[in-house]
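Chain A is the first sequence line, chain B the second, and so forth, proteins listed ahead of strands; every chain is numbered from 1.
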Amino acid sequence: VPVSEPTPLLQGTLDLLILKAVSLGPLHGYGVLLRLQQISEGRLQIQQGSLYPALYRLEHQGLIQAEWGESDNRRRAKFYRLTAAGRRQLQREVTYWNDLSDAVRLVLGAATEDL
Amino acid sequence: MTLLARLRSFFRALTGASHLDAEMDQELRFHVEARTDDLAARGISRDEAAAQARREMGDILRWKEQGRDARGVRLVDDVRADVRYGLRQLRRSPGFAMAASASLALGIGANVAIFTLANTILLKSLPVARPAELVQVAHAGQRGQSTSSNYQWFDRLRKRGDVFSGLFAVRMQEFTADANDSVDRVIGQQIAGDYFGTLGIRPALGRTWAPDEPGADRLAVISDSYWRRRFAADPNVVGRAIELDGSPFVIAGVTPPGFFGLQVGRMMDVTVALDVRDYDEPDSWTSVAVIGRLKTGLEAGAAERTLDPVLARLAADRRLSDRARQQLFERVELPSVRNGLSALRDEFEDPLRILFGVVAILLALACVNLAGLLIARNASRERELRTRLALGAGRGRVARQLITESALLALAGTAVGLGAGWASSRGLVAMLPDRGWPRTLPTGVDGFVLAFATAIAAATVLLFGVWPAYRAARADVGLMGREARDVRVKSGIGRALVAVQIALGVVLIAGALLFVRTLRNFSQLDAGFSRDGVVLASLALGDRIDAGERLRIHHAVLERLRSVPQITQATLGSMTPLSGNEQGRPISVPGSKAPLDEDRHLPPPLGAPGSVAQVNAIASEYFETFGIAIVQGRGISDRDIAGAPRAAVVSESFARRHFGNAIAIGRRFSILGAAPAEYEIVGVARDVRYRALRQDAPPPLVYVSQWQVPEHDVDVAIRTTDDERQARMLVQQVIRSVAPSARYVDVTSVSGRIAESLWRERLLAALCTFFAAVAIVLASIGTYALLAHLVARRRFELGLRTALGAKASAIVWLVVRQGLALAVGGGAVGIAIARLTLGGLEGLLFGLAPTDRATLLLSGTVLVIVALIATLVPARRAAAIDPLIALRSE
């Protein structure tokens, strides 16, 4: 089965995706990657290293919180969790993203007879 | 996204930088390991899995950098790196770093020192309530301003409730104080009116007194400093006795610490009431200061106009002559005393103004020097900077690095300058005249001085840091390796900076030379008396001795002194050279050719007819002791005793004024006053500059015999072959043994008085010479740095010339010519600036004009020579260039 090439991310969407991923439960950095790939069925192209500056940025903004814990294979790992502020931000971003994509889809789906 | 969270993460990043770094490492490592596990689980070999995981991860350093960026600590990191790099750069060129920071330190240090002193003397407000409302009552006319007063004037002012909310009169006075079983000399003041209330002084201990309180004339208030010094801070000091000039007083209170009285630089130790009988001299004005607090909101100008009619009425009442009124009693002036009355300030104001100018020039010179050094240095680093730019460093980033380096230098220079300036301001206080009073000048560095130094440093960093940085950032990458082409353009600024340094140096040297030559002129001046070998003692016998006893003591002291072998002459006089004592008396000279009223000196008895002369009561051997030449006739001798015909010796200017070219000997004149008497002139003596060495037209003076016209206070003087120090001790011993009742014997010498009278000139000469030396050093460093830089850049060209057969002397001349052109150009500009600016020194110079041609030329020449010497090293280096090496290195 020919697998389509993964799609590169739009600028600025990584933060939103991370927020969504950790909203489903605390995750370490690698876990975020795995979850995003799992949900998107491998269709998103994510540079692994770029996750970390994004995570720090979100932590710096107070949207997520970090805590050291133990991973499944008993290694020390840093787990990220959504904060209340992060939850509100996520809702705003999701609404915005839905509105935007609806509008873009409408525009792109337009045909001459609709006008 | 709360602000708090951001701050927390920022500070965590800042403070725990290494900790955070380790955390990031650990987290990224975990990621790679977990990924490796997953890949390995798919059946790839462990090594390959690890390699792939690392590949997928990408540039770990970049993620970490971005991670730090995300926390906002990138800038801090950069600055930290800049500082570290800057320090390393400076350490690599210690000569440059030392020269640059030393130049700034000298500039700032000089300013801080002078500013600390000025701040203390000129700017500090009185430590009293609302000092801005305090004014001194003065009267003025064509002759200028006078702050003298008399009781009637004071009394009328006191009744003006519409102008002043408080008013008092104060007279400064030194006392011989006998307290707590020891005697010493103290600075004191006598007050009338509401002194304590007007100033808002509440006693720290005991009480003060109300104006016109009965019995207050026996009370004394002492200063905190005197209380600690003399009474060891005894809490029971109130009620104890103190004797001032022989009169008993009772201590009523102690003023709070920090209150020094009204005079900056003098600590008022004792305050007593002013006896109105002393003050109430209806027809003369005495040196009693009247100070008032203006009613809140009242402008000094408005108050002056309100008081003008009061003065006019007083003048009319006292039948003041029109002429006297025009001269000094035309209007009231109310100068502010917010900074206190300070004789020291008045004397010091001009020198301080000059020193301000000098240190400002020095600071400008230091900044220009630094700018020159930095430009030369940055230019020689151009290759490095261009390489960095070519490798992708941002221009802003490079400029920031350069600014950081400048700031480091500025910081070092400021720190050293502040310390040195503070230390030397204490030294400067020691150079102020020692008049026996305690040094109370507070010379700590206060906030004001600190702010001043910081402002200088900040301005300097902007000036010398940003400009070279801007130039460097403009450097074009494409020009790399082709610097030689634009040497001419680039060195234009460097040359201008060196020329400015030389010009400023010329101004400073010219100033220093003027003051040094002024001192020399003073030392060569014939003041009419001889300077060496004369020791003086002022004899204060106190008030409890009657006139006959006083004269007996004077006799006995002289006799005893004359019996000492080392003493060749001994005499006494009421007015000795530079003593500050002057006694003007109204006289009448029959047949005088002098126009009446012309040489009237204040304070005269206003309205009295006739002329005025200074009167000096002396003993025999006076003229021999002081080396004053007798032009005609004889001096006062042992013949001129009580009962003998009254004899007088007059000064040349007296004779000239009253008798013209006619012979004065045998003529008669009268000294008027309470007991008028007639004198026959027996001799004419040369004019003497009694008041000051600067006094160029000594007023008419007559010498009379102390035994015929006794004066109360006299100075004893001896001429000795001994060394002055020994003689001073000898005189002190003799006086103590003959006159044990002489409470205070102030022994000095004529040369000591001269030295003290010239303290301002000496201070200026010393400081200006020091600053000029600094300027020479700075200018020569600047010249050297520029030429060394130019030679380094022309290496290839100079090498080529040598290779083509140029002689070493030709190469040397090539370099020296550049230095010479700069020096001559800068020197000429400097002379022009000096001609324009040094006019302000006029009042403090002596015997030469501020634009003295020889001085200006000499200072220009000095700097040209200095600049030439500074070019020799680079020139020799240029001649020693090995053409092979130079040509190959390009």
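Put simply, the side chain of B/D37 reaches to within 4.5 Å of the side chain of A/R75, judged on heavy atoms. Using a 4.5 Å cut-off on side-chain heavy atoms (C-beta onward), B/E23 and A/W68 make contact. Annotation: side chain of B/W63 is in contact with side chain of A/Q47 (closest heavy-atom distance under 4.5 Å).
Of the residues considered (B/E33, B/R35, B/Q66), B/R35 shows the highest number of contacts with chain A, using heavy-atom pairs under 4.5 Å. Contact tally against chain A (heavy-atom pairs below 4.5 Å) for B/Q26, B/R62, B/K64, B/R29: the top residue is B/Q26. When A/A77, A/G29, A/G31, A/A54 are compared by the number of non-hydrogen pairs under 4.5 Å with chain B, A/A77 comes out ahead.
Contact of A/L58 with chain B is not made at all, since no heavy-atom distance falls under 4.5 Å. The part of A/S71 that comes within reach of chain B is its side chain, from C-beta onward, which places non-hydrogen atoms under 4.5 angstrom from that chain.
No option in A/Y56, A/Y30, A/Y52 other than A/Y56 meets the side-chain hydrogen bond (donor to acceptor under 3.5 Å, both in side chains) test with B/E27.
The 12-atom threshold is exceeded at OH of B/Y85, counting heavy atoms of other residues, nucleotides or ligands nearer than 6.0 Å.
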